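Report on one structure; see the data block that follows.
In this text, all values refer to a predicted model and were calculated from it rather than measured experimentally.
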Amino acid sequence: MDLWIARGNGQAKEIAIPPSKSLAHRLLICAGLSCGESRLEDIGRGKDILATKKALLAMGARFKEDGNILCVHGVDPHAQWARKEIDCGESASTLRFFIPLAALAKQEIAFYGSGRLMERPLGPYENIFRSQGLCFAWKDGALRVAGKLMPGHYEVEGGVSSQFVSGLLMALPLLEKDSMVIAKDPFESAPYVSMTLAIMAKAGIRVGREGNIFHVPGGQTYMPLLARCEGDDTQAAVFACLAQACHRSIRVFNISHASMQGDRVFLDILKDMGARIETTSDGYRFFPSLLNGITVDLSDCPDLGPVLFAVASLAQGESVFTGCARLRLKESDRIASMKMELEKLGVEVDDHEGGIVRIHGGAKLKTDVGLDGHGDHRVVMALSVLAASQEIPLCISGCEAVEKSYPGFFADLAKAGCLVQCHK
């Protein structure tokens, strides 16, 4: 799908930020592992969340919708799964969270994916499975795993993805004996593991923590949840940057001021760049400001990378982003994707070894170019912010990628007063 996007002259309305995708995955899985019925409010409907729901159905969990409440009937994770093939779509969270869960039952489970998913790193799990003599094999386009996973001492690379640590932590309490998980330095995206532990605690699961060391008592049982999924801070960041790009104030709501999401750091980053942000009762109002370049480490918040690259292009001076190496391992190589599109617009971008990206801001953007979303929802949204900074519409191709996390994004972009038109 190709869309023309520009600043437009509409008056911005209030934007309801959709539920946090990261929280929704964890709430669904903990509910699906529980002994009883959980009631989850405002879970969201993106393709990644749908993939996790399908994986839970394959385990044997059942769902019933009651308005905005999703009732989840949990399943015994040690029992035989209802289906032995799982299509994870493009959801790395689904794949990485369910691999250790699949190893709780003595059967082979096949995982499929689309896009770049099956090319993304799985080495930490492969090492664990092979060390225990378990099946971890690629056959007929699928990853096939089989347990039974054993309790023990696990050391996991912390610089690949925190999802491997979270996946183990969700599975290991269900084993008979105690385990220990050590996340080796550098432990990046650690706030996401804290989020996992917080949701598990709501479900009655105890895990001791000493820095990067996690003590997991065995023989535990997940209890049903009654929870609401708060708004997504990563998506709120897009509208914070949009306010700067299109020079109008934008108010967002459905945001928790006590958010446990690591990407809440976007507030501090934008304030350091000079943005004015007002706290409201249920969210924030973002005011257009004169932004300056910044130096920021993205190790714990890589999903903010594309939209911060975009807003840095509009700021005065140079911005330096460190800790960017994992951006190459997402739905697209986000460093290469953003560099290509920014250079089309006339922005100077330096890509250094070791995950350092320099953006030279302040250039007048070209408007006689077509932009490509590279099949990546974060890239599409970041490019939309840049297009919204211009009076002359820019065409972005591949806009359907936002269905992965934010199906209503372009409707909300229009609510923010921007011009959004189908390309004909």
Side-chain angles (χ1 to χ4, degrees), residues 21-34 48-49 51-56 58-59 61 75 77-78 81 86 88-105 109-111 113 117-118 120-132 134-136 143-175 179-184 187-201 203 205 207 209 212-216 218 220 222 262 326 329-330:
K21 183 163 70 77
S22 298
L23 275 172
H25 282 301
R26 291 159 172 82
L27 286 169
L28 281 167
I29 291 170
C30 289
L33 296 174
S34 71
D48 279 12
I49 298 306
T52 285
K53 290 172 70 175
K54 287 181 177 178
L56 286 169
M59 287 183 68
V75 64
H78 299 281
W81 286 28
I86 311 299
C88 299
E90 292 188 75
S91 176
S93 296
T94 306
L95 177 63
R96 290 169 175 165
F97 291 163
F98 276 86
I99 286 174
L101 294 176
L104 296 178
I109 303 295
F111 291 93
L117 177 61
M118 307 311 284
R120 294 172 68 176
L122 292 173
Y125 282 156
E126 182 172 8
N127 294 337
I128 289 169
F129 274 64
R130 297 201 187 287
S131 69
Q132 294 192 10
L134 306 179
C135 174
F136 193 98
L143 171 64
R144 300 176 185 275
V145 303
K148 190 169 177 73
L149 191 68
M150 300 298 293
H153 181 107
Y154 293 86
E155 291 191 9
V156 183
E157 295 291 338
V160 181
S161 172
S162 65
Q163 291 170 345
F164 298 109
V165 178
S166 287
L168 282 171
L169 291 176
M170 285 190 280
L172 292 176
L174 298 168
L175 302 181
S179 296
M180 178 185 293
V181 177
I182 299 175
K184 294 161 58 173
F187 186 20
E188 299 183 353
S189 291
Y192 285 91
V193 175
S194 299
M195 179 192 299
T196 302
L197 294 176
I199 301 302
M200 290 170 61
I205 298 295
V207 175
R209 181 174 186 177
N212 294 6
I213 302 174
F214 303 88
H215 302 276
V216 187
Q220 299 190 64
Y222 282 82
R326 285 188 298 136
L329 307 175
K330 300 292 186 174

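Partner Phe111 forms a side-chain contact (heavy atoms from CB on, under 4.5 Å) with one of Leu95, Leu122, Leu117 and no other, that one being Leu95. Under the side chain to side chain donor-acceptor pair (under 3.5 Å) test applied with Thr196, the options Gln163, His25, Arg26 reduce to a single match, Arg26.
Closest heavy-atom contact between Ala203 and Cys30: CB-CB, 4.3 Å. Closest approach of Phe187 and Val165 over heavy atoms only: CE1-CG2, 4.3 Å. Leu56 and Gly32 get closest at one heavy-atom pair: CD2-CA, 4.0 Å. Taking every heavy atom of both residues into account, Ala105 and Pro77 meet most closely at CB-O, 4.0 Å. Among all heavy-atom pairs drawn from Lys148 and Gln132, the shortest one is O-OE1, 4.3 Å. Annotation for Ser189 and Arg326: closest pair OG-NH2, 2.7 Å, computed over non-hydrogen atoms.
In this structure, Cys88 SG and Ile99 CD1 are separated by 7.5 Å, a value rounded to the nearest 0.5 Å. Here the straight-line distance linking atom OG of Ser194 with atom CD1 of Ile199 works out to 11.5 Å at 0.5 Å rounding. A distance of 10.5 Å separates CG in Leu174 from CG in Leu149, rounded to the nearest 0.5 Å. Remark: Glu155 CD to Met180 CE distance equals 10.0 Å, nearest 0.5 Å. For the atom pair CD1 of Ile29 and OG of Ser93, the computed distance is 8.0 Å after rounding to the nearest 0.5 Å.
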Notebook entry, point to check: Taking it one step at a time, do Phe214 and Val193 satisfy side-chain contact (heavy atoms from CB on, under 4.5 Å)?
Noted result: CA-CA 11 Å; Phe214 303 88; Val193 175; 3.8 Å; yes
If you apply the rule side-chain contact (heavy atoms from CB on, under 4.5 Å), what do you find for Ile205 with Leu197, and how did you get there? CA-CA 8 Å; Ile205 298 295; Leu197 294 176; over 6 Å; no
Walk me through it: do Ile128 and Leu168 pass the test side-chain contact (heavy atoms from CB on, under 4.5 Å)? CA-CA 10 Å; Ile128 289 169; Leu168 282 171; 3.7 Å; yes
Using the rule given for side-chain contact (heavy atoms from CB on, under 4.5 Å), can you reason through Leu143 versus Tyr125, listing the C-alpha separation, both sets of side-chain angles and the distance that settles it, and then say yes or no?
CA-CA 12 Å; Leu143 171 64; Tyr125 282 156; over 6 Å; no
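The shortest side-chain heavy-atom distance between Phe97 and Met170 falls under the 4.5 Å cut-off. Side-chain contact check for Leu175 versus Leu104: some heavy-atom pair is nearer than 4.5 Å. With contacts defined as side-chain heavy-atom distances shorter than 4.5 Å, the pair Val145/Leu134 does not qualify. Counting heavy atoms from C-beta on, the side chains of Phe98 and Ile109 never come closer than 4.5 Å. Counting heavy atoms from C-beta on, the side chains of Met59 and Leu33 come closer than 4.5 Å. Taking 4.5 Å as the limit, every side-chain heavy atom of Asp48 sits out of range of all side-chain heavy atoms of Thr94. In this structure, the side chains of Trp81 and Val75 stay at 4.5 Å or more apart for every pair of heavy atoms.
Between the Ser179 side chain and the His153 main chain, no donor and acceptor come within less than 3.5 Å of each other. Arg130 places a side-chain N or O within donor-acceptor distance of the main-chain N or O of Phe136, the cut-off being under 3.5 Å.
Looking at Ser161 and Arg120, their side chains never bring a donor and an acceptor atom within 3.5 Å of each other. For the residue pair Ser166 and Arg96, no side-chain donor N or O sits within less than 3.5 Å of a side-chain acceptor on the partner.
Within a 6.0 Å radius of CE in Met118, other residues, nucleotides and ligands contribute more than 12 heavy atoms.
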